[in-house]
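A quick write-up on the structure given underneath.
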Protein chains: 2
Amino acid sequence: MAPMARAATTSDVFNAISEPQRRDILVLLRAGERPVTELARELGMTQPGASKHLRVLREVGLVRDRKKGKQRLYGLDARGLRPVHEWAGGFERFWNESFGRLDAYVQDLKQAKQQEE
Amino acid sequence: MAPMARAATTSDVFNAISEPQRRDILVLLRAGERPVTELARELGMTQPGASKHLRVLREVGLVRDRKKGKQRLYGLDARGLRPVHEWAGGFERFWNESFGRLDAYVQDLKQAKQQEE
DNA sequence: CCATCATATGCCTATATCGGCATGTGTTGT
DNA sequence: ACAACACATGCCGATATAGGCATATGATGG
């Protein structure tokens, strides 16, 4: 009876990278490891904010951390992005034809155009 | 004052594909267009549920619809997945080395392993 | 014009976050 | 042991869905 809500999408890589700021973090980390504070500063977010996003990224395995003195260096572990790349790549032949079953659409091209405007 | 909440992630392709069921829909549509009901049946979801997911996919441009008699055929428009593919591809060289700045990590390999267990 | 089938929406509940802020925890150097 | 710095967490408020269900909207064939 309990109205089921959102599926347990969490802890999923796709979900982790659905957040713009988390993608920013990953991109930034390509340049090398960084302590939380520096990361937060470079991306214009608060330290707690950065820590929370890093936590999500860590839980799905996209980043790793190691201690370095007082700080904690976060580094990229992009292996988890490979499935994403491959999944999207599975549609490669489709984006070359604009969209699937092109022929079928061609018949109604005019209608489709109308809908666009 | 107004505690800002979730960023306007909506209407973003990354967000659209963060939902497992929506990914399922896209994959299914690779086999060709389908009316909503059939899609819902094949994926084991309710018709309203399918419609809602399709709406999100449509809003980010990943699917297109055209009328076919009483029904509405949904078809794939994978062009929007290209940016995703490329974004993830930008990390390709990193997942080959396990994680970025491998050398730095190697020094602390033992520590890293410990953290893993 | 109406009955019917195919979809889209609205409403409601439970939940998942995001952001901001305050505070707990851990580490280092003195 | 303590002050200081670097992070991680907890809590709160506001919001964005996901699902289920009922119902409005649309198009079709008579």
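Sequence lines set the chain letters: A, B, ... in the order given, protein chains first and strands last, and positions in each chain run from 1.
- Atom C1' of nucleotide C/dG26 and atom CG of A/Asp65 are separated by 14 Å, given to the nearest angstrom.
- A/Lys52 places its NZ atom 11 Å from the P atom of C/dC21, with the value rounded to the nearest Å.
- The local environment of CZ in B/Arg30 is crowded, with over 12 non-hydrogen atoms from other residues, nucleotides or ligands closer than 6.0 Å.
- Between B/Gln47 and A/Gln71, the residue anchored closer to the 5' end of DNA chain D is A/Gln71, taking for each the nucleotide with the nearest heavy atom.
- In this structure, the nucleotide among C/dT9, D/dA8, D/dA18 sitting nearest to the side chain of B/Glu19 is D/dA18.
- For the pair A/His53 NE2 and C/dA16 P, the computed distance is 18 Å after rounding to whole Å.
- At a threshold of 4.0 angstrom between heavy atoms, the contacts of B/Gly49 with the nucleic acid are absent.
- By the 4.0 Å N-to-carboxylate-O rule, A/Arg23 lies close enough to B/Asp12 to be salt-bridged with it.
- OP1 and OP2 of D/dA6 both lie 4.0 Å or more from every side-chain N or O belonging to A/Tyr74.
- B/Leu54 and B/Val56 fall into different hydrophobic clusters, where Ile, Leu, Val, Met, Phe, Trp and Tyr residues are linked whenever their side-chain heavy atoms come under 4.5 Å apart, directly or through other members.
- Atom CG in A/Leu54 sits roughly 7 Å away from atom P in D/dA8 (whole-Å rounding).
- An OP1 or OP2 oxygen of C/dA8 is reached within less than 4.0 angstrom by no side-chain nitrogen or oxygen of B/Arg55.
- Between A/Tyr74 and A/Arg58, the side chains place a donor N or O and an acceptor N or O closer than 3.5 Å (distance only, hydrogens not considered).
- Across all strands, B/Thr37 comes closer than 4.0 Å only to sugar-phosphate atoms, never to a base (heavy-atom distances).
- Sequence order on DNA chain C of the closest nucleotides to B/Arg58 and A/Arg22 puts B/Arg58 first from the 5' end.
- Look at CG on B/Leu43: it is 16 Å from C1' on D/dA18, rounded to the nearest Å.
- Rounded to whole Å, the distance from CZ on A/Arg66 to C1' on C/dT27 is 16 Å.
- For the pair A/Arg66 and A/Glu33, the salt-bridge criterion is met [side-chain N within less than 4.0 Å of a carboxylate O].
- Put simply, NZ on A/Lys67 is 15 Å from P on C/dT25, counting in whole angstrom units.
- If you check D/dA8, D/dG20, D/dG19 against the side chain of B/Thr46, the one that comes closest is D/dG20.
- Residue A/Glu59 contributes atom CD, which lies 9 Å from atom P of D/dT9 at whole-angstrom precision.
- Candidate nucleotides D/dC7, D/dA27, C/dT27 were compared by shortest atom distance to the side chain of B/Lys70, and D/dA27 ranks first.
- Counting non-hydrogen atoms under 4.0 angstrom, A/Pro48 reaches a base of the nucleic acid.
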